[in-house]
Structures are given as structure tokens and as C-alpha cells.
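Input: a single structure, listed below in C-alpha cells.
In this chain, numbering begins with 1 at the start of the sequence shown.
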Amino acid sequence: NDPVEQKKRFELTNQKRQKAEREVLPEDKDFMQALEYGLPPSAGIAMGIERLFMCFYEIKDIRELRSFSL
């Protein structure tokens with residue numbers, strides 16, 4: 001839940017993706033804003049309903065299913 005650490009991780013992940021010639025992902029600004037605001041520590045392992053819809057309807061990008069924005 002540390003925004004500075006998370007930004008470093010996003011950057012490192014994109015560096016690795018770029019080296020592997022994969023798509024560089026945009027920073028999740030809503031998530032970063034929540035961290036800066038004070039998102040409490042959290043974790044989870046449950047599959048979200050969005051992921052199930054992605055499988056059933058062969059949707060490649062979860063942003064197509066986003067029902068609301070922060």
C-alpha cells in the first residue's frame with residue numbers, strides 16, 4: 001500500500017515487458033490515486049466476476065468490463 005514502492009514496481013515490470021518485446025502497460029492512475037489517498041493494506045485470492053465474463057465472452061481487456069471508475 002506504498003505508492004512510491006508501487007510506482008517502482010510498475011516501472012520495473014514495464015522495463016521487463018519492454019525487454020521481452022511485450023506491450024508496455026499504462027500506469028493505473030486510479031489505483032495510484034487510491035494508494036496516495038491512503039488505501040489500507042488488502043489482499044485477495046478470489047476470482048472476480050469480471051474475470052469469469054472475460055473467459056465466457058473471450059474478452060481480452062478487462063477495461064471493457066469496468067462497471068465504474070474511482
Side-chain angles (χ1 to χ4, degrees):
N1 62 337
D2 179 350
V4 175
E5 178 64 26
Q6 189 61 56
K7 185 167 182 68
K8 288 179 192 175
R9 290 181 185 193
F10 279 144
E11 290 169 355
L12 179 61
T13 297
N14 272 332
Q15 288 172 3
K16 289 179 180 179
R17 291 179 69 86
Q18 192 171 25
K19 285 180 184 176
E21 297 181 1
R22 295 182 64 200
E23 177 186 5
V24 174
L25 302 174
E27 182 179 295
D28 187 338
K29 294 185 186 302
D30 292 335
F31 179 62
M32 292 303 296
Q33 184 178 10
L35 288 176
E36 291 167 4
Y37 183 75
L39 181 71
S42 55
I45 59 168
M47 179 182 281
I49 190 79
E50 296 92 349
R51 306 277 183 199
L52 290 174
F53 276 111
M54 287 177 72
C55 292
F56 290 136
Y57 295 105
E58 297 180 5
I59 295 171
K60 301 288 183 207
D61 188 342
I62 195 165
R63 290 175 287 193
E64 293 180 34
L65 296 171
R66 195 174 203 178
S67 58
F68 61 90
S69 63
L70 298 174

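Under the side-chain contact (heavy atoms from CB on, under 4.5 Å) criterion, E23 pairs with R17, L25, sequence neighbours left out. Every residue meeting the side-chain contact (heavy atoms from CB on, under 4.5 Å) condition with R51, not counting sequence neighbours, appears here in chain and number order: M47, M54, I62. Considering only residues two or more places apart in sequence or on other chains, E27 meets the salt bridge (charged side-chain N to carboxylate O under 4.0 Å, His left out) condition with K7. With sequence neighbours left out, the salt bridge (charged side-chain N to carboxylate O under 4.0 Å, His left out) criterion links E5 to R9. Every residue two or more places apart in sequence or in another chain that forms a side-chain contact (heavy atoms from CB on, under 4.5 Å) with E64 is listed here: I59, D61.
In Q18, the CD atom is not crowded: 12 or fewer heavy atoms of neighbouring residues, nucleotides or ligands sit closer than 6.0 Å.
Residue pairs that meet the ring pair (Phe, Tyr, Trp, His ring centres under 6.0 Å) test with at least one member in residues 33-54, sequence neighbours left out, are F53-Y57.
To the nearest 0.5 Å, atom OG1 of residue T13 and atom CZ of residue R22 are 10.5 Å apart. Atom CG in D28 sits 9.0 Å away from atom CD in Q6 (nearest 0.5 Å). Put simply, CG on N1 and CD on E36 are 12.5 Å apart, with the number rounded to the nearest 0.5 Å. Atom-to-atom distance recorded for Q15:CD and F10:CZ is 14.0 Å, nearest 0.5 angstrom.
Contact check for L35 versus D2: no side-chain heavy atoms found under the 4.5 Å cut-off. Residues K8 and P3 fail the side-chain proximity criterion, which asks for heavy atoms closer than 4.5 Å.
Cluster annotation: I49 and F56 are assigned to the same hydrophobic cluster (Ile/Leu/Val/Met/Phe/Trp/Tyr, side-chain heavy-atom contacts under 4.5 Å, transitive).
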